[in-house]
Amino acid sequence: MEDPRAKVEAYLENNKIPQLFEAITAELLFYKPEKPREYIVKYLENAKVTGTSTLITEQDLDTMFGMFDITKRGVVTAEQANRALQVILGPSADLSEVGVASSAKLSKEEFVDAMSQALKRASPYKQP
């Protein structure tokens with residue numbers, strides 16, 4: 001017999017429900033709309049058509065790269081990049097899902113590109 005809790009957790013993850021709630025909460029905290037319920041409805045309507053977006057910009061990712069490149073060599077390991085992604089998306093996030101090998105060393109450009117891909121991939125309710 002399947003564990004009901006595991007079944008619920010799988011359902012939530014498969015449908016990206018935690019990411020959706022995190023995205024909505026981040027939007028509310030960032031924009032602080034006067035009518036939050038109306039804002040959420042509009043956000044969901046827009047997300048249904050265009051997908052959700054991340055509040056993390058390329059400039060933020062450049063800054064994050066600098067934080068992980070403590071030796072200033074211009075590269076970070078895949079392990080460091082995965083830690084950066086997990087800070088944003090949670091402990092199950094993994095850059096291997098966007099083709100980054102576990103032994104890879106990433107330049108700033110590669111880091112930003114891989115992180116951007118991973119963030120877009122994690123975005124809930126994106127249309128195919």
Between [X] and [Y], which heavy-atom pair has the shortest distance, and what is it?
X	Y	answer
Phe111	Val76	CD1-CG2, 3.9 Å
Ala93	Asn82	O-OD1, 4.2 Å
Pro91	Gln86	O-NE2, 3.5 Å
Ala78	Ala101	CB-O, 3.2 Å
Leu95	Ala118	CD2-CB, 3.8 Å
Glu58	Ser116	CG-OG, 4.5 Å

Transitively linked via ILVMFWY side-chain contacts under 4.5 Å: [X] with [Y]?
X	Y	result
Phe30	Ile40	yes
Leu85	Val87	no
Val41	Tyr31	no
Phe68	Val75	no
Tyr39	Leu29	no

For this session: For Leu20 and Leu44, run side chain to side chain contact (heavy atoms under 4.5 Å, CB included): C-alpha distance rounded to whole Å, both residues' side-chain angles, the deciding distance at 0.1 Å, then the answer.
Result: CA-CA 9 Å; Leu20 178 63; Leu44 290 171; 4.0 Å; yes
Exercise. Under 3.5 Å, is there a donor-acceptor pair between the side chain of Asp69 and the main chain of Phe65?
Worked result: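 No, the answer is negative, given that no donor and acceptor are paired below the 3.5 Å cut-off.
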Exercise. Any chance CD of Glu9 has more than 12 other-residue heavy atoms, nucleotides or ligands included, within less than 6.0 Å?
Worked result: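 For Glu9, atom CD is crowded (more than 12 foreign heavy atoms under 6.0 Å).
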[X] side, atom [atom1]; [Y] side, atom [atom2] - distance, nearest 0.5 Å:
X	Y	atom1	atom2	value
Glu45	Lys42	CD	NZ	8.5 Å
Met64	Lys108	CE	NZ	13.5 Å
Glu79	Lys105	CD	NZ	10.5 Å
Glu109	Asp62	CD	CG	10.0 Å

Exercise. Less than 4.5 Å apart, any side-chain heavy atom of Asp113 and any of Leu106?
Worked result: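 Counting from C-beta outward, Asp113 and Leu106 never come under 4.5 Å.
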Problem set entry | Min side-chain heavy-atom separation Glu13-Pro18 under 4.5 Å |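 Heavy-atom side-chain distance check passes, below 4.5 Å.
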Exercise. What's the verdict on side-chain hydrogen bond (donor to acceptor under 3.5 Å, both in side chains) for Asp60 and Thr63, showing C-alpha distance, side-chain angles and the deciding distance?
Worked result: CA-CA 5 Å; Asp60 296 329; Thr63 300; 5.6 Å; no
